Amino acid sequence: MNDIRKTINSKQGEKMIRKIIAFVVVYIVLFTHPFPTHGYQEQNIPVLMYHHLADNINNNTVISPTNFDKQMRALKEEGYHAISVQELHDYLTNQIKLPEKPVLITFDDGYLSNYEKAYPILKKYDMHAEIFVIASRIVDTSKGIAYPHEIAKMNWEQLKEMQDYITIQSHTWDSHYKLPSKFGRMNGAIYGPSYLNGRLESQEQYEARVRDDFIHSRNIIKEKLGYEPIAISYPYGIQSAATIKLAQEAGFKMGFVIQNKNVQQGDGLFTLSRIIVNGNDTGADFIHKINTME
């Protein structure tokens, strides 16, 4: 009888040991080496910043259609996949995976050249892009409103036409300029309290001015295009903690600055970096810069 009891106890002990081992293995797999739920944690995502296109001009704010074509072709040949702002947001918030070698192509201001010169090239290479518009400067043909002393901007009908390859985001309603700040220097109009008509705004007045601008930009884009932008690019890349708070209150989910580095998991959603593209870069130089960017 004692031998039987010893055998039973021995078998129970072995079962218990196996259970403990199994538990330890499961714990190690799940908690010390967790599987990624969404996205590739190691991905670096270049967010490219363009502005205006013009023939035979290439610098940090203008690129010729010829060179833009070369850069888009180089991206395509190198295996890059153009993503949207929404896809970037969903990746950074662990909702989706991204394709290998993602890139986000962006333009600022809303120049007519984006429609006339960039849009056909983007379609040619099947590349998505985002345009951050100064919403007050988009031409309203129904009201005959235009700004003849500025570089020509697009109208709302042209923005609608491009929706197969381009999504519109905000570059403010009408705050792309600088104001004298309380620190005695010129700063972005959305940065903080500024001097208006010789008087320094209070914090409350500043917040009301900028909040109204942000909300108006989102509302007019929704009215004209049928959707609300989720992202803002701060004019000159200048922002503050107060700016970010106001952007969040206005309903934006992301904000872009200019730091010339890639976006990665863990970056702040309201201080996402963009990379200034030089129009002089050839396809090879362009790809080398992107591939070696940190």
Side-chain angles (χ1 to χ4, degrees), residues 36-41 43-50 81-99 102-110 128-136 138 159 162-163 165-176 188-192 207-259 261-275:
T37 54
H38 293 285
Y40 301 99
Q41 301 296 320
Q43 278 184 303
N44 292 322
I45 306 164
V47 182
L48 309 179
M49 183 177 71
Y50 294 93
H81 296 87
I83 63 172
S84 68
V85 157
Q86 183 68 60
E87 288 173 316
L88 178 61
H89 172 270
D90 291 348
Y91 168 73
L92 294 176
T93 55
N94 295 318
Q95 298 180 59
I96 66 167
K97 294 180 180 179
L98 288 179
V103 62
L104 178 58
I105 301 166
T106 72
F107 295 81
D108 274 1
D109 301 337
H128 178 87
E130 306 274 332
I131 300 179
F132 293 83
V133 301
I134 308 169
S136 66
I138 299 303
L159 296 185
M162 297 190 297
Q163 287 186 92
Y165 280 92
I166 291 172
T167 306
I168 303 304
Q169 306 294 339
S170 175
H171 202 32
T172 76
W173 163 251
D174 192 17
S175 293
H176 201 311
I190 66 173
Y191 182 81
E207 291 188 4
R209 171 174 61 83
V210 175
R211 186 186 298 107
D212 288 348
D213 178 287
F214 288 175
I215 291 173
H216 192 35
S217 75
R218 297 191 78 230
N219 288 345
I220 194 67
I221 292 172
K222 181 178 181 180
E223 175 189 331
K224 297 293 186 179
L225 302 180
Y227 59 87
E228 290 180 322
I230 66 167
I232 182 170
S233 66
Y234 312 111
Y236 317 107
I238 297 173
Q239 46 74 38
S240 64
T243 310
I244 292 173
K245 178 179 77 75
L246 294 169
Q248 293 171 326
E249 291 175 359
F252 291 114
K253 297 180 180 179
M254 311 166 76
F256 288 87
V257 298
I258 305 168
Q259 294 178 337
K261 66 177 185 177
N262 289 323
V263 170
Q264 300 175 325
Q265 281 275 5
D267 288 351
L269 289 178
F270 284 86
T271 52
L272 296 171
S273 177
R274 290 192 295 168
I275 299 166

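Just so we're clear, the structure is a prediction, and the values are computed from it rather than from any experiment. When a residue number appears, it is its place in the shown sequence, counting from 1.
No salt bridge links Lys261 with Asp267; every basic N to acidic carboxylate O contact stays at or beyond 4.0 Å.
The backbone N or O of Pro102 sits nowhere less than 3.5 Å from a side-chain atom of His81 that would complete a donor-acceptor pair. Using a distance-only test at 3.5 Å, with no hydrogens or angles considered, a donor-acceptor pair links the side chain of Ser136 to the main chain of Trp173. In terms of modelled atom types and a separation under 3.5 Å, the side chain of Gln43 and the main chain of Pro99 share a donor-acceptor contact. Within the 3.5 Å criterion, the main-chain N or O of Tyr191 finds a donor-acceptor partner in the side chain of Ser240. A donor-acceptor pair under 3.5 Å is absent between the side-chain atoms of Arg211 and the main chain of Glu249, judged by distance alone.
Side-chain contact, Thr93 with Gln95: a donor N or O sits under 3.5 Å from an acceptor N or O.
When all heavy atoms of Ser84 and Leu104 are compared, the pair lying nearest together is C-CD1, 3.8 Å. Here the shortest heavy-atom pairing between Asp108 and Ser233 reads OD1-OG, 3.3 Å. The minimum heavy-atom distance between Ile83 and His128, with the atom names listed, is O-CD2, 3.5 Å. The heavy-atom pair separating His89 from Ile230 by the smallest distance is CB-CD1, 4.3 Å. Summarising the geometry of Phe214 relative to Ile232, their closest heavy-atom pair is CE2-CD1, 3.5 Å, with the distance given to 0.1 Å. The two residues Phe132 and Ser170 have their closest heavy-atom pair at CD2-O, 3.2 Å.
Within 6.0 Å of the NZ atom in Lys245, the count of heavy atoms belonging to other residues, nucleotides or ligands exceeds 12.
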Step by step, would you call Leu272 with Leu92 a side-chain contact (heavy atoms from CB on, under 4.5 Å)? CA-CA 11 Å; Leu272 296 171; Leu92 294 176; 3.9 Å; yes
Between Ile244 and Tyr234, is the side-chain contact (heavy atoms from CB on, under 4.5 Å) condition met? List the steps. CA-CA 10 Å; Ile244 292 173; Tyr234 312 111; 3.8 Å; yes
Taking it one step at a time, do Ile190 and Asp213 satisfy side-chain contact (heavy atoms from CB on, under 4.5 Å)? CA-CA 9 Å; Ile190 66 173; Asp213 178 287; 5.6 Å; no
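When each of Ile258, Ile105, Ile275 is checked for a side-chain contact (heavy atoms from CB on, under 4.5 Å) with Met49, only Ile258 meets the rule.
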